[in-house]
Amino acid sequence: MSYDHRVDSPPRVKMADVARTAGVSVATVSKVVNGRYGVSQRTLERVQEVIADLGYEASLGARSLRSYRTNVLGILVAEFEPFSAELLKGAGSAVAATGYELLAYSGGGGGSAEVGWERRYLSRLSGTLIDGAIIVTPTVVEARPGVPVVAVDPHTGPTGMPTVDSDN
């Protein structure tokens, strides 16, 4: 017996869908989405209205390939538990007005996450999904992530990494 884990969901709204609905070219929609000049005020307003109506969101991957930035900070925790939940709330409050979004990622939980999980996840996320990372783990290994990293409460690991210690 086979079981398909996929859930039927509506297809992602694409830039072409916005263009077709607004009666403009994909290039015009791109100019509106990216804040470029060359679009009349009337057309700008129409495209923005269609974007809102359809719920269009630019692809994070496409945006990062184009600008080399995602405006997303990753917070990696070994597991979601009360201490990390408080850190997530604080980090969320801190980034709220900065233009950045926060992506929470768990290493698997249960205290059974292998030492070095953060290296794998930083490698997976950096460059295309996040611009920087906050790692909440007692053991930090040398990560070489390609993005700025701050460790919260590391008990062991390399020296020289920016850290934040809590006083509980």
Side-chain angles (χ1 to χ4, degrees), residues 1-15 17-18 30 33-35 48 51-168:
M1 175 186 242
S2 166
Y3 180 72
D4 189 351
H5 294 281
R6 293 177 294 175
V7 175
D8 289 335
S9 61
R12 180 178 173 90
V13 176
K14 296 182 173 79
M15 202 175 278
D17 301 323
V18 173
S30 177
V33 168
N34 294 302
Q48 288 173 333
I51 286 171
D53 288 347
L54 296 180
Y56 171 77
E57 281 288 328
S59 162
L60 190 57
R63 185 170 67 184
S64 72
L65 289 173
R66 187 174 53 253
S67 68
Y68 302 104
R69 297 190 57 84
T70 62
N71 282 30
V72 175
L73 299 175
I75 184 162
L76 288 72
V77 298
E79 63 180 312
F80 293 117
E81 41 73 34
F83 178 72
S84 61
E86 287 301 313
L87 286 170
L88 288 169
K89 287 194 301 189
S93 294
V95 301
T98 66
Y100 278 83
E101 298 173 26
L102 192 63
L103 173 70
Y105 208 82
S106 170
S112 62
E114 290 179 33
V115 172
W117 65 267
E118 62 272 70
R119 178 185 303 138
R120 290 189 307 279
Y121 294 146
L122 279 172
S123 177
R124 182 177 299 156
L125 299 171
S126 65
T128 56
L129 289 178
I130 60 173
D131 292 336
I134 302 163
I135 301 175
V136 184
T137 180
T139 57
V140 176
V141 297
E142 189 66 43
R144 295 191 252 308
V147 296
V149 175
V150 173
V152 175
D153 274 346
H155 302 298
T156 62
T159 59
M161 178 182 285
T163 62
V164 175
D165 293 317
S166 68
D167 62 7
N168 294 321

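Quick caveat, the model's predicted, so the values are computed rather than measured.
Listed here is the closest heavy atom pair of Y56 and M15: OH-CE, 3.3 Å. In terms of heavy atoms, A78 sits closest to S106 at O-OG, 3.7 Å.
Every residue meeting the side-chain contact (heavy atoms from CB on, under 4.5 Å) condition with Q48, not counting sequence neighbours, appears here in chain and number order: V32, L44.
The only option from L76, L73, I130 that meets the side chain to side chain contact (heavy atoms under 4.5 Å, CB included) definition with L103 turns out to be I130.
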Give every donor-acceptor pair under 3.5 Å between a side-chain atom in residues 80-97 and any protein atom, sequence neighbours left out.
from : atom 1 : to  : atom 2 : distance (Å)
E81  : OE1    : F83 : N      : 2.8
E81  : OE2    : S84 : N      : 3.0
E81  : OE2    : S84 : OG     : 3.3
S84  : OG     : E79 : O      : 2.9
S84  : OG     : E81 : N      : 3.0
S84  : OG     : E81 : O      : 3.1
E86  : OE2    : K89 : NZ     : 2.9
S93  : OG     : K89 : O      : 3.2

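In this structure, the separation between CG on L54 and NZ on K14 is 12.5 Å, given to the nearest 0.5 Å.
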